[in-house]
There are 2 protein chains.
Amino acid sequence: MGATAGPARAELGELMQSPEFDRLFKALGDPTRRAILGRLSLGPSSVSALAAPLDITVTAVGQHLQVLEESRLVRTAKAGRVRTCRIDQAGFSALERWVGWHRRAWETHLDRLGDVLDED
Amino acid sequence: MGATAGPARAELGELMQSPEFDRLFKALGDPTRRAILGRLSLGPSSVSALAAPLDITVTAVGQHLQVLEESRLVRTAKAGRVRTCRIDQAGFSALERWVGWHRRAWETHLDRLGDVLDED
DNA sequence: CTTTTTGTCAAGCGATGACTTCAGTATCGT
DNA sequence: ACGATACTGAAGTCATCGCTTGACAAAAAG
């Protein structure tokens, strides 16, 4: 990638703080929602099927799903009376972009202090 | 795949729900803490230097730093009266492992439904 | 048509969390 | 020694969040 398009380095940091990432990380902050993501990673599921192993109400799962959908981690579609939920790639891609930017950032500005003898 | 090392597929999902990831994602859930990470990605900083552009108290930053340190996203060291903070690789590696597992999971169990005509 | 299943809406409760103030400790500069 | 700087700890406030209950709507099953 050339230095042609895209904002400057400093502005990229600001980009990372957009409301998009705000929703994304807030969604990932709850363990129940991550459990839902873990379940959906194995394949699509209905709302009540998601609620069963979680020991919470179907209503609660519905609220979680709304958050997950707004952050593009889950996509749902209602057919008849059953809503089928599946993983949405968009959220995960955004997450990977976030981690990638930070890793690249502090690997470039590597403190030349020599005291960082990290593992792996 | 031999049954030699590593837990079974189903158990991996459980691993992802360990207290380690609990703390990690809870730490990432707050926008102020992510702003701190963005700042530290550009190089080490003191506590008060972190507080300046954030419009919050030094005490608040100290509390955030404790959370970030417990989740292995930041490492700090006190020299004299100033505490120097820098990025800790461990937390980011854990995050990449989490995303990687999920991506691999739903790319394997790809719904053979044909209705997933995703972008990129 | 009646019943059961599956999900949605509205309101409310309890707990957690982010931030503040105030007081205290230790280090640096003069 | 004195004052300024850099941080730490305890306690309290206020908003947000996860979850529940209860009432409701609509599709499938009998």
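Proteins get letters first, then strands, A, B, ... in listed order; numbering begins at 1 in each.
Rounded to whole Å, atom C1' of dG17(C) lies 16 Å from atom CG of Leu28(B). Straight-line distance from the NZ atom of Lys26(B) to the C1' atom of dC17(D): 10 Å, rounded to whole Å. Straight-line distance from the CG atom of Leu68(B) to the P atom of dA18(C): 10 Å, rounded to whole Å. A straight line from CD1 of Ile56(A) to C1' of dG7(C) spans 14 Å, rounded to a whole angstrom. The CG atom of Leu54(B) sits 10 Å away from the P atom of dT20(C) (whole-angstrom rounding). One atom, NZ of Lys78(B), and another, C1' of dT8(D), lie 7 Å apart when rounded to the nearest Å. Here the C1' atom of nucleotide dA18(C) and the CZ atom of Phe25(A) are 19 Å apart, to the nearest Å. Between the CZ atom of Arg23(A) and the P atom of dC17(D) there is a distance of 13 Å, given to the nearest Å.
Counting any heavy atom pair closer than 4.0 Å across all strands shown, Thr32(A) reaches sugar-phosphate atoms only and no base atom. Residue contacts for Thr57(A): at a heavy-atom cut-off of 4.0 Å it reaches a base atom on one of the strands shown.
Listed nucleotides: dT8(C), dC7(D), dT6(C). Nearest to the side chain of Arg83(A): dT8(C). Comparing dT8(D), dA18(C), dA6(D) by their closest approach to the side chain of Thr59(B) singles out dT8(D).
In summary, the aromatic rings of His102(A) and Trp98(A) are positioned with their centroids under 6.0 Å apart.
Inter-residue side-chain proximity for Leu42(B) and Trp106(A) is flagged as unmet; no heavy-atom pair is nearer than 4.5 Å. Here the side chains of Leu28(A) and Leu24(A) are in contact, with some heavy-atom distance below 4.5 Å. A 4.5 Å side-chain heavy-atom check between Thr84(A) and Ser46(A) finds every atom pair outside the cut-off. Looking at heavy atoms from C-beta onward, Val74(B) lies out of side-chain contact with Arg86(B) at the 4.5 angstrom threshold.
The side-chain hydrogen bond (donor to acceptor under 3.5 Å, both in side chains) pairs that include a residue from residues 24-35 of chain B are Asp22(A)-Arg34(B), Arg33(B)-His64(B), where partners are two or more places apart or lie in different chains.
Salt bridge status for Arg72(B) with Glu20(B): absent, with no side-chain N to carboxylate O gap under 4.0 Å.
Using five terminal pairs a side, the axes of the helix from dC1(C)-dG30(D) to dT27(C)-dA4(D) at its two ends make an angle of 30°, given in steps of 10 degrees.
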Distances for protein N/O vs nucleotides 26-30 of chain C N/O pairs under 3.5 angstrom?
residue, atom, partner, partner atom, Å
dT27(C), O2, Arg81(B), NH1, 2.9

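Across all non-hydrogen atoms, the minimal contact from Leu40(B) to Cys85(B) is CD2-O, 3.4 Å. For the residue pair Ala49(A) and Pro53(A), the shortest heavy atom distance occurs at O-CD, 3.3 Å.
Residues Ala49(B) and Ala60(A) each lie close to DNA chain D; by heavy-atom proximity, the contact nearer the 5' end of the strand is made by Ala49(B). Comparing Ser46(B) and His64(A) against DNA chain D, the residue whose closest nucleotide sits nearer the 5' end is Ser46(B).
Taking only side-chain nitrogens and oxygens, Ser48(B) comes nearer than 4.0 Å to OP1 or OP2 of dC7(D).
When the side chains of ILVMFWY residues are joined at heavy-atom separations under 4.5 Å, either directly or via intervening members, Val82(B) and Leu54(B) end up in two distinct hydrophobic clusters.
Residue side chain Gln63(B) does not reach the base of dT8(D) through any donor-acceptor N/O pair under 3.5 Å, judged by distance alone.
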